[in-house]
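Right, one structure below, let's go through it.
Predicted model, so just to flag it, every value in this text is computed and none were measured. All chains are named by letter (A, B, ...) in the order of the sequence lines, taking the proteins before the strands, and each is independently numbered beginning at 1. Below, each value reflects all heavy atoms present in this structure, side chains not excepted, and no hydrogens, waters or symmetry copies.
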Amino acid sequence: MEGGCVEEASSDWVKRLHVSKVPQHIGSGVSVVLDPSAEGGGIEAESRKLSSSWYKGVVPQPNGRYGSQIYERHQRVWLGNFGDEAEAARAYDVAAQRFRGCDAATNFKPLTESNDEEAAELSFLVAHSEAEIVDMLRKHTYHDEFHQSKQTLRSAREILFDKVVTPSDVGKLNRLVIPKQHAEKHFQLKSGSSVARNGVLLNFEDAAGKMWRFRYSYWNSSRSYVVTKGWSRFVKEKSLKAGDLVSFWRSTGSEKQLCIDWKTSPVACNRAVPPAIRPLPVVKLFGVDISGVPARGDDGKRGREMELFPPPQFFKKQFVEAL
DNA sequence: CTATGTGTTGAT
DNA sequence: TCAACACATAGG
C-alpha cells in the first residue's frame, strides 16, 4: 500500500519549481518588486517589510527566522520555525508528501522509490500519522527519528522462513520457488483475484538497508508460488549459488517491513567463486525494477558493503543437511 | 522580554 | 489553498 508513488517522478519537480515561485530573481532578469515604495530607495526595501519570494509553505517571521506551514482541509497546519528558509522549505516538503502523497508539489526534488534512501524515507513517512510527522517537524527531530527508525528496523526482525536455493532457483529460469507451506502462510495471494493472476510487487529490505522489489505470483501450470521479476538481479548481485541460503524476515516494528538476507553455502563457497568478487555480505538495491535500467543507473555507488549482518540461525541442521 | 504560532484577510 | 501581516501569548 505504501508503494503509491512509483518511478519517474524525478522529471517534473523541476517544472514545479519553476511553476511555483522560487526566488525573486529569476533567470529572466525580471526582478520582482514587492514593495513599490521601497524600490526607489533600493536596498531600503528589505529592512522594513519582510521580503518574500520564499519557498512554498515558508513564511518569514519578524525575528528573521522562517516559519513553515501547510494548508489542509481549509486550515493551516503549523510546521514550526526554522533558522533558514531552506530548512523550512524541507519541512514543508516532508509534510506535503505525507499529506498529499508523491504528487505533491515540493520545493526540492520529491522522494521517489527509485532510490534506496528515499524509498526508506517514504515508507517511514507512511508508517507514521500526519500528526506524528508534524510533531517531529515542529520539534526538529524528523531527521533523527528517521535515521533511528532505520536502525530499529534493521535490528528488530523476526524470521519468517528460509530456503536453500536449488540450481533452478539460481539458473536461467529467473525465478525462485517459494515453498507452498511458507508462501501460503506469509505471502498470501487472494486466490482468483486479479492480484493472484498478475502477481504483486513486494518490497524487501536487506540487512544493509537496501530495498529489493520482487514480483510474487502463483503459477497455475506448476501450481507453485514464485518470485519472478527482480529475482535474477538479486541472484546476480549476491552471486547466489545453488546451496546458498536465503531467508525471509519481517521487521517487528510498526512498519512491518519485509526483509531478505542470504548466506553463502560453505560448500558452494569453496568450490567456486573467486573471493575477489564474492563477498558483499549484503547487497542493497532498491526496489523498483532496475532490471531494465542501464547498468549505470543503479550502481555507481555500490558503496557500503558492511560487516556481516549478525547471522541469524543460519546454518542450522536443516541447512547443513541439505548440503 | 522575545519568539512563536494564531487570527484574519485578500489574492489566487 | 496560500501567504502577508497584525498581534496575542507561550515561554524563559
Side-chain angles (χ1 to χ4, degrees), chain A residues 1-6 8-113 118 121-122 124-148:
Chain A
M1 287 314 165
E2 75 282 325
C5 30
V6 195
E8 68 224 302
S10 53
S11 59
D12 20 310
W13 72 274
V14 174
K15 297 179 203 163
R16 282 201 286 276
L17 259 186
H18 287 283
V19 170
S20 65
K21 58 180 38 168
V22 187
Q24 327 250 340
H25 24 306
I26 313 181
S28 58
V30 178
S31 65
V32 180
V33 179
L34 291 167
D35 184 349
S37 68
E39 181 60 1
I43 311 160
E44 294 283 315
E46 50 210 324
S47 64
R48 54 176 63 246
K49 279 314 186 178
L50 295 173
S51 86
S52 103
S53 100
W54 310 108
Y55 292 98
K56 185 175 177 57
V58 176
V59 49
Q61 292 292 66
N63 54 343
R65 288 164 62 79
Y66 303 87
S68 182
Q69 61 184 22
I70 187 171
Y71 283 80
E72 184 70 5
R73 207 195 95 77
H74 231 272
Q75 275 200 313
R76 169 177 48 204
V77 177
W78 189 252
L79 304 175
N81 272 289
F82 303 85
D84 65 84
E85 53 181 329
E87 198 182 344
R90 282 192 294 274
Y92 173 85
D93 284 5
V94 169
Q97 288 170 94
R98 175 62 185 82
F99 282 66
R100 304 166 181 171
C102 302
D103 293 332
T106 52
N107 293 295
F108 304 106
K109 184 172 183 280
L111 301 171
T112 69
E113 297 222 9
E118 296 178 3
E121 185 169 347
L122 235 22
F124 170 79
L125 227 40
V126 175
H128 292 77
S129 70
E130 296 175 355
E132 288 175 318
I133 297 298
V134 168
D135 200 62
M136 290 183 236
L137 292 174
R138 290 181 67 150
K139 292 178 178 172
H140 298 187
T141 60
Y142 177 78
H143 258 68
D144 285 342
E145 301 238 22
F146 168 50
H147 287 104
Q148 220 174 286

(request) Please lay out, stage by stage, how A/F99 and A/R73 fare under the test side chain to side chain contact (heavy atoms under 4.5 Å, CB included). (result) CA-CA 11 Å; A/F99 282 66; A/R73 207 195 95 77; over 6 Å; no

(message) Would you say the ring centers of A/F82 and A/Y92 fall short of 6.0 Å from each other?
(response) no

(request) Compare the minimum distances between each of C/dC2, B/dT8, B/dT4 and the side chain of A/R76, then state the nucleotide with the smallest one. (result) B/dT8

(message) Students often get this wrong, so: under 4.0 angstrom with heavy atoms, is A/G67 touching a base, only sugar-phosphate, or nothing?
(response) nothing

(request) Send over the distance from A/Q75 CD to C/dT1 P, rounded to a whole Å. (result) 12 Å

(request) Please determine, for the side chain of A/N81, which listed nucleotide (C/dA4, B/dT4, C/dC2) has the closest atom? (result) B/dT4

(message) With heavy-atom distances below 4.5 Å as the criterion, would you say the side chains of A/F146 and A/M136 are in contact?
(response) no

(request) State, with a plain yes or no, whether a side-chain heavy atom of A/E132 is found less than 4.5 Å away from one of A/E145. (result) no

(request) Using atom NZ of A/K139 as one end and atom C1' of B/dG5 as the other, report the distance to the nearest whole Å. (result) 16 Å

(message) Rounding to an integer number of Å, can you tell me how far A/L79 CG sits from C/dT1 P?
(response) 14 Å

(message) Tell me whether the side-chain N/O atoms of A/R138 come closer than 4.0 Å to OP1 or OP2 in B/dG5.
(response) yes

(request) Give a yes or no on whether the backbone of A/G67 and the side-chain of A/Q61 come within a donor-acceptor separation of less than 3.5 Å. (result) no

(message) Whole angstroms only, please: what is the CZ-P distance between A/F82 and B/dT4?
(response) 10 Å

(message) Rounded to whole Å, how long is the line connecting atom CG of A/D135 with atom C1' of B/dG5?
(response) 15 Å

(request) Write down the distance between CZ (A/R65) and C1' (B/dG5), rounded to a whole number of angstrom. (result) 13 Å

(request) Side chain of A/N63 only, please: which of C/dC2, B/dA3, B/dG7 is the nearest? (result) B/dA3

(request) Would you mind reading off the distance between A/H140 atom NE2 and B/dA3 atom P, rounded to a whole angstrom? (result) 14 Å

(message) I'd like to know if A/Q69 reaches the base of B/dG5 with its side chain such that a donor and an acceptor end up less than 3.5 angstrom apart.
(response) no

(message) Output the rounded distance in Å from CD (A/E85) to P (C/dA3).
(response) 13 Å

